[in-house]
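Quick notes on the structure that follows.
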Amino acid sequence: MNVLSIVSEVFPLIKTGGLADVAGALPKALRPLGIDVLTLVPGYPQVLDRLPDRVEIGCLEGLLGHRAVVSRATTEGLDLLALEIPELYQRTGGPYLDGAGYDHPDNWLRFAALSLAGARIALGHLPLGSADIVHVHDWQTSLVPVYLRYRFQSSLPVVCTVHNLAFQGQFSIDIAPRLELPDAALGMDCLEYYGGIGYLKGGLVCSDIVTTVSPTYAREVLSTELGMGLDGVLQTRRAALYGIVNGIDADIWNPATDPLIPRPYDVRSLARRQENRAAVLQHFGLPDANGPLFAALTRLTWQKGADMFAEVAEEIVQHGGQLVVCGQGDAAIEAALRDCAWRYPDRVSVHIGYSEELAHLIVSGCDVLMQPSRFEPCGLTQLYAMRYGAIPLVGRTGGLSETIIDANEAAMARAVATGFQFHPVDPHSFREAVRRACEAFEDREAWSSLQRQAMKADFSWERSASQYAQLFEALQTAWQATAERA
Ligand SMILES: Nc1ncnc2c1ncn2[C@@H]1O[C@H](COP(=O)(O)OP(=O)(O)O[C@H]2O[C@H](CO)[C@@H](O)[C@H](O)[C@H]2O)[C@@H](O)[C@H]1O
């Protein structure tokens, strides 16, 4: 089976968050199941730089006033198509933001063009054959099923995966005439959203199947609290809504073979982690206070609960612990963290920025990885942490609630605990959980058992990939049956 995955970021070419990790890992996990995934990404400079051997396979004219060269390459187990439209994708900054941190003003056009190109490639407008299934991700590629249905009258099956409902691709109604879609697609039943245009809404309505990245989040998005205004739309798609928990790329995130950490180790040689712990402290310029080393590795946003770090740092310090933070995001949160580091120079240190190398070092050396998310569709950092024997401390929400087993007395006694959860997600419960972790850390034997338990948890992609495969196969069978009847 051939799947065309259309996505705005894919590891290792370009990554701003978990979406890239999933888009990069899932194709590799699907291949042994007989599913070949071709991944279409925009030709950002970072992408083209990493694909020097790409081969041009054709051109697409008439992409909302633009012309694309499409080239193909394979790298690190991925089969890729790059959509080269220099005036849309070749610029400074990241995939979504310019160098100053603002949205590119033509994001509506950049991702509509990607979606239109994706729809045409899926239909065989390039010498590649047509796809059996199309897989789109988040708002950036949600117009693919809209173009397929309304512009090409195609019922090619589409799976739309929602990685984060908070980002919806909402634009002014003024763009409507420029999307080159018929009126029927622009109305309330499809793209119209609170007087504007909602890309994700269109994707949810027009896809055959909608998935989210954990079963818990699939239930949560149906509620007013976490539905982000789209709960009504999702209710109408309830029968087609599935939750499939993310896995991790166990080759890239493997403490035994990780080239980015000073001292590789596994569950039998946990003592070696000490060297990595020392390297983390050294990197952050902290002396060893011999208490628990807490860490956070995240976008510094309200969703991730990062606004609570500075306050909770006091609790950590009072209990003899230390805190290192690697992240970037809201200016106010960044400032509060810098201030906190200034107040506790030997205990708290902050790296404002994004660093893949530092991410690996941190999970290989910290004792506790904090993820106090207010909502979390799945979360990957806690899964990486567990694999590396760093104990996750998380808010009980979304995927965090189902991937961690709380270290309560019963779970500890039965040696099944893998981390700490707290609820409700507020500073009070967060501090309480920090206290629990600090106390648990004092019993080093029990802590080692917790680490071993966490490291044994299996979040490889195999199980989840087979769930995607089942959905793809069921869709393909249904589609073929309809085609034969027609
Ligand atoms: N400063 C930094 N330096 C280096 N690396 C950093 C970093 N800050 C974050 N990262 C990395 O970025 C990724 C973040 O992934 P998450 O899944 O935790 O959240 P994200 O909100 O991006 O993803 C969304 O999509 C994913 C994928 O489906 C869902 O798991 C998630 O719940 C949803 O919000 C991890 O690989 C993490 O290590």
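Order of appearance sets the numbers: ligands from 1, and atoms from 1 within every ligand. These values consider heavy atoms only, across backbone and side chains, with no hydrogens, waters or symmetry-generated copies.
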message: Please give me the minimum heavy-atom distance between Glu473 and Leu33, naming the atom from each residue.
response: OE2-O, 4.4 Å
statement: for atom 16 (P) of ligand 1, nearest protein heavy atom and its distance come out as Leu380 N, 3.7 Å
task: Please state whether Gln303 comes within less than 4.0 angstrom of ligand 1, counting heavy atoms only.
output: yes
field: Check: His319 ring centroid to Phe441 ring centroid under 6.0 Å
entry: no
Residue, atom name and distance, where the atom is the protein heavy atom closest to atom 28 (O) of ligand 1: His163 ND1, 2.7 Å
- prompt: Would you say Ala359 has any N or O atom under 3.5 Å from an N or O of ligand 1, going by distance alone?
  reply: no
- prompt: Does ligand 1 have any atom sitting under 4.0 Å from a heavy atom of Gly327?
  reply: yes
message: Which label fits Tyr384 and Trp253: parallel for a plane angle under 30°, tilted from 30 to 60°, or perpendicular past 60°?
response: parallel
statement: Looking only at protein heavy atoms, what sits closest to atom 4 (C) of ligand 1 is Ser355 O, 3.2 Å
Side chain, backbone, both or neither: Lys15 near ligand 1, heavy atoms under 4.0 Å: side chain
query: Taking only residues two or more places apart in sequence or in another chain, which ones pass salt bridge (charged side-chain N to carboxylate O under 4.0 Å, His left out) with Lys456?
result: none
query: For ligand 1, is there an N or O atom under 3.5 Å from any N or O atom of Trp253?
result: no
message: Whether the side chain of Arg436 engages the backbone of Phe422 through a donor-acceptor N/O pair (distance < 3.5 Å, no angle test) should be reported.
response: no
query: So which heavy atom in the protein is nearest atom 34 (O) of ligand 1, and how far is it from that ligand atom?
result: Glu376 OE2, 3.2 Å
message: Could you check, using the six-membered ring where one of them is a Trp, whether Phe171 and Tyr199 have ring centers closer than 6.0 angstrom?
response: yes
- request: Quick one: sort the Tyr265 and Tyr388 rings into parallel, tilted or perpendicular, breaks at 30° and 60°.
  value: perpendicular
message: With heavy-atom distances below 4.0 Å as the criterion, list the atoms of ligand 1 near Val22.
response: 27 (C), 28 (O)
- prompt: Between Asn246 and ligand 1, which residue portion shows a heavy-atom distance shorter than 4.0 Å: side chain, backbone, both, or neither?
  reply: side chain
- request: Check whether any heavy atom of Gly353 sits under 4.0 Å from an atom of ligand 1.
  value: yes
task: Look at atom 13 (C) of ligand 1 and say which protein heavy atom is nearest, naming residue and atom and giving the distance to 0.1 Å.
output: Gly18 N, 3.6 Å
task: Measure the distances from the heavy atoms of Tyr384 to every atom of ligand 1 and state whether one is below 4.0 angstrom.
output: yes
query: Considering only protein heavy atoms, which is closest to atom 38 (O) of ligand 1, and at what distance to one decimal place?
result: Leu297 CD2, 3.8 Å
- request: Could you list the atoms of ligand 1 found under 4.0 angstrom from a heavy atom of Asp21?
  value: 35 (C), 36 (O)
message: Once you measure the plane-to-plane angle for Trp302 and Phe375, does it fall in the parallel (<30°), tilted (30-60°) or perpendicular (>60°) bin?
response: tilted
- request: For Arg463, look at atom CZ and say whether over 12 heavy atoms of other residues, nucleotides or ligands are found less than 6.0 Å away.
  value: no
query: Is there any N or O on Gln328 that sits under 3.5 Å from an N or O of ligand 1?
result: no
message: Would you compute the distance between atom CG of Leu286 and atom OH of Tyr344 and round it to the nearest 0.5 angstrom?
response: 14.0 Å
query: Considering only protein heavy atoms, which is closest to atom 37 (C) of ligand 1, and at what distance to one decimal place?
result: Thr381 OG1, 3.7 Å
query: Cut-off 3.5 Å, side chains only: do His163 and Asp138 have a donor facing an acceptor?
result: no
- prompt: Taking all atoms of both residues into account, what is the closest heavy-atom pair of Phe111 and Gln140, and its distance?
  reply: CB-O, 3.2 Å
message: How about CD on Gln235, more than 12 heavy atoms from neighbouring residues, nucleotides or ligands closer than 6.0 Å, or not?
response: yes
message: Using a 4.0 Å cut-off to any heavy atom of Val213, which atoms of ligand 1 qualify?
response: 28 (O)
- prompt: What's the shortest distance from atom 2 (C) of ligand 1 to any protein heavy atom, and which residue and atom give it?
  reply: Tyr354 CD1, 3.5 Å
query: If you measure from each non-hydrogen atom of Thr298 to ligand 1, which part falls under 4.0 Å: side chain, backbone, both or neither?
result: backbone
